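In this text, all values refer to a predicted model and were calculated from it rather than measured experimentally.
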Amino acid sequence: MAFNPLHGISASMKIGATAYAFDSFKFSPKNKLADVSNFTGGGYRQFIAGLTDGKVSCTGPYDEGSMAFAVGTSYTLLLIYTGAVEVSCPCICESIDADVKIDDTQKISITFQITGSFVGAIV
């Protein structure tokens with residue numbers, strides 16, 4: 001396979017069908033591995049896959065009037081790496097952080113907890 005790095009300018013993020021002016025997102029899927037180590041493991045730990053979940057965090061300039069989010073509310077996120085690579089996941093808004101400084105743009109950071117079925121991978 002050829003080396004094919006991507007630049008962040010090819011990415012975007014939608015919530016529902018609406019594109020938002022975030023300047024970064026972090027997709028963090030994880031699987032809760034169950035330890036099934038036993039006497040037959042030859043001295044090595046053994047694991048099996050368990051529950052899959054994850055978080056999405058995003059940050060960007062606050063766009064007044066266009067970023068009406070509420071903690072505890074369900075959303076469907078679409079994380080777009082390129083036109084061909086995207087991840088869709090059902091989420092609940094876990095937290096909202098506003099970062100306001102007198103000499104900089106107002107920033108908003110939102111953390112979403114993924115809930116329900118999603119593909120915990122990028123390809």
Side-chain angles (χ1 to χ4, degrees):
M1 179 177 246
F3 181 59
N4 187 26
L6 300 175
H7 195 286
I9 61 173
S10 64
S12 61
M13 181 177 165
K14 291 183 179 179
I15 299 175
T18 305
Y20 284 89
F22 294 109
D23 58 19
S24 69
F25 67 78
K26 182 177 181 180
F27 174 56
S28 304
K30 65 180 179 178
N31 187 276
K32 175 65 174 159
L33 301 178
D35 188 339
V36 294
S37 301
N38 59 74
F39 295 129
T40 66
Y44 296 94
R45 289 216 176 268
Q46 297 168 298
F47 295 92
I48 59 172
L51 296 173
T52 298
D53 67 6
K55 289 188 178 194
V56 175
S57 55
C58 53
T59 302
Y62 176 59
D63 185 5
E64 183 182 13
S66 298
M67 291 184 156
F69 298 104
V71 295
T73 301
S74 296
Y75 300 94
T76 298
L77 306 184
L78 183 60
L79 309 174
I80 303 164
Y81 293 84
T82 69
V85 179
E86 55 188 43
V87 175
S88 177
C89 45
C91 296
I92 296 174
C93 181
E94 182 175 65
S95 65
I96 300 171
D97 295 302
D99 185 7
V100 179
K101 298 176 184 163
I102 195 166
D103 62 347
D104 199 0
T105 185
Q106 295 184 29
K107 294 258 185 179
I108 193 90
S109 297
I110 303 176
T111 301
F112 297 92
Q113 179 68 48
I114 299 171
T115 182
S117 176
F118 75 104
V119 176
I122 58 172
V123 292

Taking all non-hydrogen atoms of both residues, which atom of [X] and which atom of [Y] are closest, and how far apart?
X	Y	value
Ser109	Thr59	OG-OG1, 3.1 Å
Asp23	Pro61	OD2-CD, 4.0 Å
Thr76	Ser88	CG2-OG, 3.8 Å
Val71	Glu94	CG1-O, 3.8 Å
Val119	Val87	O-CG1, 4.0 Å
Ser10	Leu6	OG-CB, 4.4 Å

Does the [X] side chain pair with the main chain of [Y], one donor and one acceptor, at a distance under 3.5 Å?
X	Y	answer
Asn38	Val36	yes
Thr115	Pro90	no
Gln113	Gly54	yes

Path from Tyr81 to Met13 over hydrophobic side-chain contacts below 4.5 Å: yes

Hphob cluster co-occupancy, Leu78 + Tyr75, side-chain heavy atoms under 4.5 angstrom: no

Is the number of heavy atoms from other residues, nucleotides or ligands within 6.0 Å of NZ (Lys14) greater than 12? no

What's the separation between atom [atom1] in [X] and atom [atom2] in [Y], rounded to the nearest 0.5 Å?
X	Y	atom1	atom2	answer
Thr40	Gln46	OG1	CD	5.0 Å
Cys93	Leu77	SG	CG	9.5 Å
Cys58	Phe112	SG	CZ	5.0 Å
Cys89	Lys55	SG	NZ	13.5 Å
Ile92	Ile114	CD1	CD1	11.5 Å
Ile110	Ile96	CD1	CD1	5.0 Å

Look at the aromatic rings of Phe69 and Phe22 and report parallel, tilted or perpendicular, splitting at 30° and 60°. tilted

Under the salt bridge (charged side-chain N to carboxylate O under 4.0 Å, His left out) test, which residues partner Lys26, sequence neighbours left out? none

Answer whether the closest heavy-atom distance between the side chains of Thr52 and Phe118 falls below 4.5 Å. yes

Heavy-atom check, side chain of Tyr20 versus side chain of Ile15, under 4.5 Å: yes

If you link I, L, V, M, F, W and Y whenever their side-chain heavy atoms are under 4.5 Å apart, who else ends up in the same group as Phe39? none

